[in-house]
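Every chain is numbered from 1, with letters handed out A, B, ... down the list of sequences.
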Amino acid sequence: MTNDSREEVQAIVIEDWLGKSAILDLGPNIQGVQVWGPQTNANFQADLLTWYDQNKRQLPWRMDPTPYHVWVSEIMLQQTQVDTVIPYYQHFLQRFPTIESLAEAQEADLMKAWEGLGYYSRVRNMQTAAQTVVKEFAGQFPQTYDEIIQLKGIGPYTAAAIASIAFNEAKAAVDGNAMRVYSRLLGISADIAKSKHHKLFFAIGDYLIAKDRPGDFNQAIMDLGSSFETAKAAMPLLSPVADYTLATLTGQTEAFPVKSKKKKPKVYYYDALIIKNQQDRVLIQQRDQDQLLAKLWTVPLFSHPEKKDQEVWTNLVAETKAKYDFSPVVAKQAIGQVKHVFSHQVWYITIYLAYVKAEDANFIRDLDQKSTKSDWVSAYDLSRHAYPTVQMKIWQAYRDYLTDKNQ
DNA sequence: AATGCGGGGTG
DNA sequence: CACCCAGCATT
């Protein structure tokens with residue numbers, strides 16, 4: 001615990017709280033706490049936990065909160081909403097019910113289980129951590145924050161969540177949700193998008209947390225952030241701790257938290273080539289390890305600097321020849337368009353159809369020898385590889401084209 | 001401290 | 001459309 005950087009924050013002055021400053025003293029000599037004015041921290045915890053006991057959400061990972069269950073749920077919930085996670089969580093635990101089964105899994109099976117969930121390095125890191133647990137902890141999940149945070153893919157938030165929920169350790173799990181709640185609670189105007197301010201919110205959480213029920217406290221803050229204290233359309237007056245919430249008391253809910261804007265995503269244009277062989281199967285390839293959507297499968301994508309219009313198919317033939325050493329026959333007309341938005345990129349994709357000439361039908365062998373992992377698949381059987389959502393959109397556009405053509 | 005990394009939900 | 005969401009690793 002002594003090496004925990006979160007203890008470096010000593011004292012925090014919160015200005016303009018009902019006309020005076022409130023002082024949070026987070027050093028070894030906690031004293032003079034005026035956070036709640038006439039209220040107390042104990043009152044706050046009791047009111048919050050009473051509300052939580054009566055109104056908590058029934059979530060799958062709350063049914064049997066083993067360390068493994070909590071861990072899987074917390075990794076999935078990183079930057080991902082509860083409703084999205086639930087079906088993935090159920091299926092993942094069915095497929096990989098124990099830490100050992102996760103440690104021993106084939107990477108391709110892991111990717112398939114994570115297909116469509118995004119941030120795919122999460123599941124690879126989780127397997128690395130599972131292997132660490134099996135080897136270095138004899139299969140027993142480490143039980144303290146300081147040990148847990150050293151596992152791959154587990155940072156300050158997730159380590160605190162697991163330590164508090166599964167092992168009852170009094171560490172605040174502070175994510176964007178919690179920072180919003182704490183910001184409104186105490187009227188803190190520090191920009192929550194700046195990493196230098198994060199230790200402030202962790203320190204506040206560690207001070208406020210109910211030491212006897214840390215896991216429930218952390219989850220109560222989450223539930224609060226997803227109900228009455230949402231980012232948009234909040235209902236602060238209905239909050240169980242409205243009487244403690246500075247932003248509500250002063251009618252400034254919308255002013256908190258302060259959060260600077262993100263940069264706009266960069267725009268890219270691609271041509272997607274659906275290359276069919278004699279069996280109507282389509283060429284796909286696995287993306288490189290260090291690329292966006294690493295290890296996932298797509299049809300060949302050819303980037304070009306900006307939007308273009310005519311004569312593209314001649315370029316595609318040349319580019320395919322250069323990249324794959326064969327010349328497909330490319331249809332002149334695009335069969336569809338796809339737009340896909342990532343957090344930091346936007347892709348505009350034009351889809352072209354092509355087929356392999358008989359004399360080139362065996363070129364796949366040469367492709368694999370160039371360490372480009374390739375395969376031929378039916379657009380109606382997507383079970384054999386993990387595809388990112390953008391490829392799912394391309395498959396859909398292709399099937400729509402086939403359907404239209406047959407009518 | 002800034003950037004890369006997915007995808008879906010919401011007003 | 002813009003913004004948000006149970007963040008972390010890397011540089």
Side-chain angles (χ1 to χ4, degrees), chain A residues 56-57 59-62 65 69-89 111 114-126 128-129 148-162 164-165 171-181 191-199 201-202 205 215 217-227 229-234 254 257 259-266 287-296 298 339-347 386-393:
Chain A
K56 64 182 173 188
R57 291 175 289 178
L59 300 171
W61 44 89
R62 288 180 177 174
H69 291 171
V70 176
W71 179 32
V72 171
S73 70
E74 291 299 342
I75 297 297
M76 287 187 172
L77 286 162
Q78 290 170 4
Q79 298 292 287
T80 311
Q81 302 206 350
V82 167
D83 290 342
T84 304
V85 164
I86 289 174
Y88 282 94
Y89 175 84
M111 301 308 290
W114 213 263
E115 181 181 60
L117 197 53
Y119 288 147
Y120 298 93
S121 63
R122 288 185 291 178
V123 71
R124 287 192 291 269
N125 289 340
M126 197 161 57
T128 301
I148 294 169
I149 198 173
Q150 295 184 39
L151 293 171
K152 192 85 169 174
I154 297 183
Y157 165 77
T158 306
I162 298 172
S164 65
I165 297 170
K171 287 280 187 184
V174 180
D175 59 349
N177 223 336
M179 284 193 285
R180 182 178 61 253
V181 171
D191 185 348
I192 67 171
K194 302 291 184 185
S195 54
K196 67 177 177 181
H197 293 146
H198 288 178
K199 65 182 178 187
F201 288 95
F202 274 98
F217 179 93
N218 281 331
Q219 294 181 91
I221 295 291
M222 306 292 179
D223 280 14
L224 199 55
S226 71
S227 55
E229 291 290 352
T230 51
K232 297 177 182 177
E254 303 303 325
K259 190 174 186 180
S260 53
K261 298 184 193 301
K262 292 176 189 168
K263 297 197 311 182
K264 286 194 173 181
K266 194 172 174 187
R287 294 173 65 81
D288 293 338
Q289 193 167 4
D290 54 356
Q291 270 183 310
L292 178 65
L293 304 173
K295 304 283 188 77
L296 297 171
T298 70
K339 177 186 179 184
H340 189 71
V341 180
F342 300 93
S343 51
H344 57 306
Q345 293 184 16
V346 181
W347 288 7
Y387 302 103
T389 295
V390 64
Q391 177 58 40
M392 290 307 211
K393 291 180 181 176

By nearest atom, which of the nucleotides [options] is closest to the [X] side chain?
X	options	result
T84(A)	dG8(B), dC4(C), dG7(B)	dG8(B)
Q81(A)	dC8(C), dG8(B), dC1(C)	dG8(B)
K232(A)	dG11(B), dA6(C), dG6(B)	dG11(B)
K196(A)	dA1(B), dA6(C), dG8(B)	dA1(B)

R57(A) versus D223(A), closest heavy-atom pair with distance: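 Heavy atoms of R57(A) and D223(A) come nearest at NH2-OD1, 2.6 Å.
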
Nearest non-hydrogen partners of Q391(A) and T298(A), listed with the distance: OE1-CA, 3.3 Å

Distance-only polar pair, side chains of Y157(A) and Q78(A), donor-acceptor under 3.5 Å: no

If we take the [atom1] atom in both [N] and [M], what is their distance in whole Å?
N	M	atom1	value
dA6(C)	dG11(B)	P	14 Å
dT11(C)	dG6(B)	P	16 Å
dC8(C)	dG9(B)	C1'	23 Å

Roughly, in whole Å, what's the span from [atom1] in [X] to [atom2] in [N]?
X	N	atom1	atom2	value
D83(A)	dG8(B)	CG	P	13 Å
W347(A)	dG6(B)	CH2	C1'	11 Å
Y120(A)	dG4(B)	OH	P	19 Å
L292(A)	dG4(B)	CG	P	11 Å
L151(A)	dA9(C)	CG	P	10 Å
K194(A)	dT3(B)	NZ	P	9 Å
K339(A)	dG7(B)	NZ	C1'	14 Å
R57(A)	dA6(C)	CZ	P	8 Å

5'-most by nearest nucleotide on DNA chain B - L296(A) or A233(A):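 Its nearest nucleotide lies further toward 5', so the answer is L296(A).
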
5′-ward residue of the pair A294(A)/K263(A) relative to DNA chain B: K263(A)

Using a cut-off of less than 4.0 Å, is there contact between a side-chain N or O of [X] and OP1 or OP2 of [N]?
X	N	answer
Q78(A)	dG7(C)	no
Y119(A)	dG4(B)	no
K261(A)	dC3(C)	yes
H344(A)	dC5(B)	yes
S195(A)	dA1(B)	yes

Contact check, side chains of T84(A) and L117(A), non-hydrogen atoms, under 4.5 Å: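 Result yes, sub-4.5 Å side-chain heavy-atom pair found.
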
Under 4.0 Å between any heavy atoms, over every strand shown, what does [X] touch: base, sugar-phosphate, or nothing? Just pick one.
X	result
R62(A)	base
G116(A)	sugar-phosphate
Q345(A)	sugar-phosphate
A231(A)	sugar-phosphate
L117(A)	base
T158(A)	sugar-phosphate

Residue mapping more 5' on DNA chain C - nearest nucleotide basis, N125(A) or L59(A): L59(A)

Closest-nucleotide 5' rank along DNA chain C - winner of W61(A) and K152(A): W61(A)

How long is the span from the [atom1] atom in [X] to the [atom2] atom in [Y], to the nearest 0.5 Å?
X	Y	atom1	atom2	value
W114(A)	R124(A)	CH2	CZ	11.0 Å
H344(A)	K266(A)	NE2	NZ	11.0 Å
H340(A)	L293(A)	NE2	CG	7.0 Å

Can a donor-acceptor pair under 3.5 Å be found between the side-chain atoms of [X] and the base atoms of [N]?
X	N	result
T389(A)	dG7(B)	no
R122(A)	dA6(C)	no
T80(A)	dG6(B)	yes

